[in-house]
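Residue numbers start from 1 in every chain, and the chains themselves are labelled A, B, ... in the order their sequence lines are given, proteins ahead of strands. Side chains are part of it too, since the values below use all heavy atoms of this structure and drop only hydrogens, waters and symmetry mates.
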Number of protein chains: 2
Amino acid sequence: MSVSNFAQQASKPSKILTYETINPHVKRVEYAVRGELAICAERIKDELSNGYSHNYRFDTVVNCNIGNPQQLKQKPITFFRQVASLMEYPDLLLPENRKQIEFLYPSDAIDRARRLLKQIGSIGAYSHSQGIPCIRDNVAKFIEERDGYPAEQSSIFLTQGASAGVQSILQLLIAHSNVGIMIPIPQYPLYTATLALYDAQPVPYYLDEEKDWGLDISQLASSLSEGRSKGLDIRALVIINPGNPTGQCLTEQNMREIIDFCHKERIILMADEVYQTNIYQPAERPFHSFKKVLRSMGEKYEQFELFSFHSVSKGMIGECGRRGGYYECTGIDSPVVDQLYKLASVSLCPNVQGQIMVDLMVQPPKCGDESYALYQKELSGIYESLRRRSIKLSECFNQLEGVTCNNAQGSMYLFPQIRLPQKSIEAARQASKQPDEFYCLAMLNATGVCVVPGSGFGQKADTWHFRSTFLPPEELFDGFCERLQRFHHEFFEKYRD
Amino acid sequence: MSVSNFAQQASKPSKILTYETINPHVKRVEYAVRGELAICAERIKDELSNGYSHNYRFDTVVNCNIGNPQQLKQKPITFFRQVASLMEYPDLLLPENRKQIEFLYPSDAIDRARRLLKQIGSIGAYSHSQGIPCIRDNVAKFIEERDGYPAEQSSIFLTQGASAGVQSILQLLIAHSNVGIMIPIPQYPLYTATLALYDAQPVPYYLDEEKDWGLDISQLASSLSEGRSKGLDIRALVIINPGNPTGQCLTEQNMREIIDFCHKERIILMADEVYQTNIYQPAERPFHSFKKVLRSMGEKYEQFELFSFHSVSKGMIGECGRRGGYYECTGIDSPVVDQLYKLASVSLCPNVQGQIMVDLMVQPPKCGDESYALYQKELSGIYESLRRRSIKLSECFNQLEGVTCNNAQGSMYLFPQIRLPQKSIEAARQASKQPDEFYCLAMLNATGVCVVPGSGFGQKADTWHFRSTFLPPEELFDGFCERLQRFHHEFFEKYRD
């Protein structure tokens, strides 16, 4: 251990806690989604709002670095916010306010708030650490209806977003520093960040860009055997489906193979399914949950161990700031579930408004309810617009010199490959940047568009990508694409080999 | 390492992930506040609500195990909830709803919501990972007004409650398994739980029950030298002021000694100040923040390194379910602050409604505002009632045979000592329980009152205590005390030596 002891610091600098003395695993954490590019974008925003707009050729920064729909003006689902608003201020439901409330709120929002308040009491109280029991009941019902197989509320943990759930499970799995966790490359950097923090070893498997970022089972096998040959105790396989940053959606046949692979190799499956409703080719590539595919495979796989994650931050809901989500434990030994409960209890409980949003997500207005028509209209409006924008942006990228981009089957991202001119690669090296980072920084400075370099997600050696959401408002999309195209052309002209 | 490798498990039991294979540090975590007693209380609640009330001599369970005021019917501060409710559903602020809204909401709540919405945008968007900048500005102003010394928004981190902040700082400090952290005994078990989880060593120092749970500086010195003699790299001292579970409030003189001790010994100070407004002897024992006392000590201590924690869960606010809080970094090296920012960014952001509650806590209605009178009335109503209940409950405890209890100078808890009859100690051993746990379980089964055994917080060898909040509603207090006294008498009769 190379960390210096506080008392032994030879030079005794003025500070005790320094970059040199802190937890070295913290230092190793990288999280590009909010990394240098994002910090630089914040600085430009500050400059623009402090009157330094003459420094730039644009007047707003567009954050395409993070799947944060409401930051880019996506409107929240009205019914959800109506219920949340009544939960905050239950005095609104007193008889003396009836006339006003009936003017402002639809009857089903009022009924839902009354029911939740009766079950929960105050949203200002700590709840059950695993999540409010009646909300977990509703999550279990939602899973049963989605999959056609039973689910139990006792196997559901409500969380502060899916990330918190993923971190708990990895913390549980990482028993020593020789534990290996299989992760896709490219991956969402939560995984590598958490493995660095808890001191475990990522065991990468590559997604196939040529085949729409598909998952080839032989890749898993070779990655596993390579990891095992290094003596790693490989404990789990992470699948992000639909993919982030890659946007692919797995076929049922492929999912069966994956389950069978894990079963044979005695590996836990972690299924990150937060984009399950962001599906843009529903006929050809519908979403299937791993839980459903597992249960359809029959008795042989009854004991299979699976954690599945979901969130209120994605889909058409996009309530990122809320920090709500859940995970389901399938086939997990009950003393292990008890340990997860104990771990959750140290953090007391997930925030209650986040839990309520989970309830609303899994029990939205039904046909016949007063709010149903509006809910359907809002949902399909957002969905259709996302789909149109995903196509528009991939067309825009595919028109750029040296760029190829797969269509999004799902999620909120595109991950185009850029074949960068050699001169720009050299310029990047001179600036001590990765070539894709260099390109993305130039894009930010020229257009105000903030994306994330592919190196933040991992990519095949000597290939360069970036991840961009397709979340900017539709009415700004043409201007947005135009700015990108102009920048790209100028960049290629400048560095043409 | 005694953990078995997944692939090497000799017997290959049906489950891969078992109690034996998980992270051993998770197993070592103990968190009594939500431990066996609390789980047992939940079971009794279920029985009572499913018609098995004939099994018990009471009809409700009273949770005195956790400082959760709104669970025990404390009403939330009206102004805070009004603002939160408007933030959830901004359409309420549209011109067409003006008449209704002006009937339902005071003008200052409407103004505050408009201002926050303008600054924040949607509460459904991820915010800055360190917390919304304008809210951090307000926190800094609040600290400046409280202490009379400058504070910087760039040194404030908004968090999901104080616990999340404490865990981040400990994670940062624990660079290897030989790191020692000095903690009070009795302590709030978040600290031992987190040290177990991150694999560091608690270095206990004892609070002096004879002196109102005061902190004797010589205790710190002997505890430090004992820890260092074991080769530990002692990095931080945790002070909980006002105390949890012990309720003491430190004098300014004592705090100066503590700061001087840490300064001399090159130790970081972690000041858990979440009960800063729960002060019941304000003339004799006012609250002083460590930041203020530190700054009052002049230039010699300018480089001193301090983390201070605060929360919206405690005080008269009691918004526990919200998960909001902050910590302030004082004198922390800026590359270390950058690492904390990176760590925060992996979890994206604290939930936005929690951040808004922090804003409301640090900027409540002022004199002249429409809501000021009601706010003051609610605040002082809760405060005076808490103070009355703290006295009433300590009188009740002090009347019990073999029980002594210090008055609460602060916080929400009493920590009475019980001199248990020898026969009950033997009966406990036979039931494989700690004697205080045995007593508390008997109390729960006889009265429905759930408290936490002293062994969950640590106590001097062969002394027995329990922690009880004084949060049950005032109108139920006489009956509550009567039930406790009857139980205690019967218990002592049964086990009389």
Contact class of [X] relative to chain B, heavy atoms under 4.5 angstrom:
X	result
A:S313	side chain
A:L340	neither
A:D338	neither
A:M87	backbone

- prompt: Using non-hydrogen atoms and a limit below 4.5 Å, what part of residues 69-77 of chain B faces chain A?
  reply: B:Q70, B:Q71, B:K75

Which value, rounded to the nearest 0.5 Å, describes the distance between [X] atom [atom1] and [Y] atom [atom2]?
X	Y	atom1	atom2	result
A:I332	B:T18	CD1	OG1	11.0 Å
B:I268	A:I16	CD1	CD1	4.5 Å
B:Q82	A:Y89	CD	OH	4.0 Å
A:S122	B:E319	OG	CD	6.0 Å

task: Apply the test side-chain contact (heavy atoms from CB on, under 4.5 Å) to residues A:R81 and B:I123: give CA-CA distance (whole Å), side-chain angles for both, the deciding distance (0.1 Å), then the verdict.
output: CA-CA 10 Å; A:R81 292 303 196 90; B:I123 60 163; 3.7 Å; yes

Answer whether the closest heavy-atom distance between the side chains of [X] and [Y] falls below 4.5 Å.
X	Y	result
B:Y126	A:N63	no
A:L343	B:Y31	no
B:Q353	A:E88	yes
B:C349	A:R323	yes
B:K15	A:V336	no
B:L348	A:S163	yes

task: Check salt bridge (Lys or Arg N to Asp or Glu O under 4.0 Å) between B:E42 and all other residues, then give those that pass, not counting sequence neighbours.
output: B:K45

Nearest atoms (heavy-atom pairs only) where [X] meets [Y]:
X	Y	result
A:K27	B:Q339	CA-OE1, 3.4 Å
B:P24	A:A175	CD-O, 3.5 Å
B:G124	A:N68	O-OD1, 4.5 Å

So which of [options] has the largest heavy-atom pair count under 4.5 angstrom toward chain A?
options	result
B:V29, B:V352, B:L86	B:V29
B:I66, B:L104, B:V312, B:D91	B:L104
B:S127, B:C320, B:G331	B:C320
B:S129, B:G354, B:P189, B:A193	B:S129

Is it the side chain or the backbone of [X] that comes within 4.5 Å of chain A heavy atoms, both, or neither?
X	result
B:F80	neither
B:P350	backbone
B:L92	side chain
B:Y191	neither
B:E305	side chain

field: Candidate pair A:Y341 and B:I39, rule side-chain contact (heavy atoms from CB on, under 4.5 Å), full reasoning
entry: CA-CA 11 Å; A:Y341 172 71; B:I39 291 170; 4.0 Å; yes

Could you have a look at [options] and say which one has the most heavy-atom pairs with chain B under 4.5 angstrom?
options	value
A:G67, A:P90, A:S345	A:S345
A:F304, A:Y105, A:F103	A:F103
A:I317, A:L190, A:L197	A:L197

message: With salt bridge (charged side-chain N to carboxylate O under 4.0 Å, His left out) as the rule and sequence neighbours excluded, what pairs involving residues 169-180 of chain B come up?
response: none

Over 12 non-hydrogen atoms of neighbours within 6.0 angstrom of CZ in B:R28: yes

For a quick test of your reading: what N or O donor-acceptor pairs under 3.5 Å do the side chains of residues 164-173 of chain A make, sequence neighbours left out?
| unit_1 | atom_1 | unit_2 | atom_2 | d |
| --- | --- | --- | --- | --- |
| A:Q167 | NE2 | A:T194 | OG1 | 3.1 |
| A:S168 | OG | A:A164 | O | 3.1 |

task: Could you tell me whether a side-chain N or O of B:K342 sits under 3.5 Å from a main-chain N or O of A:E30, the two making a donor and an acceptor?
output: no

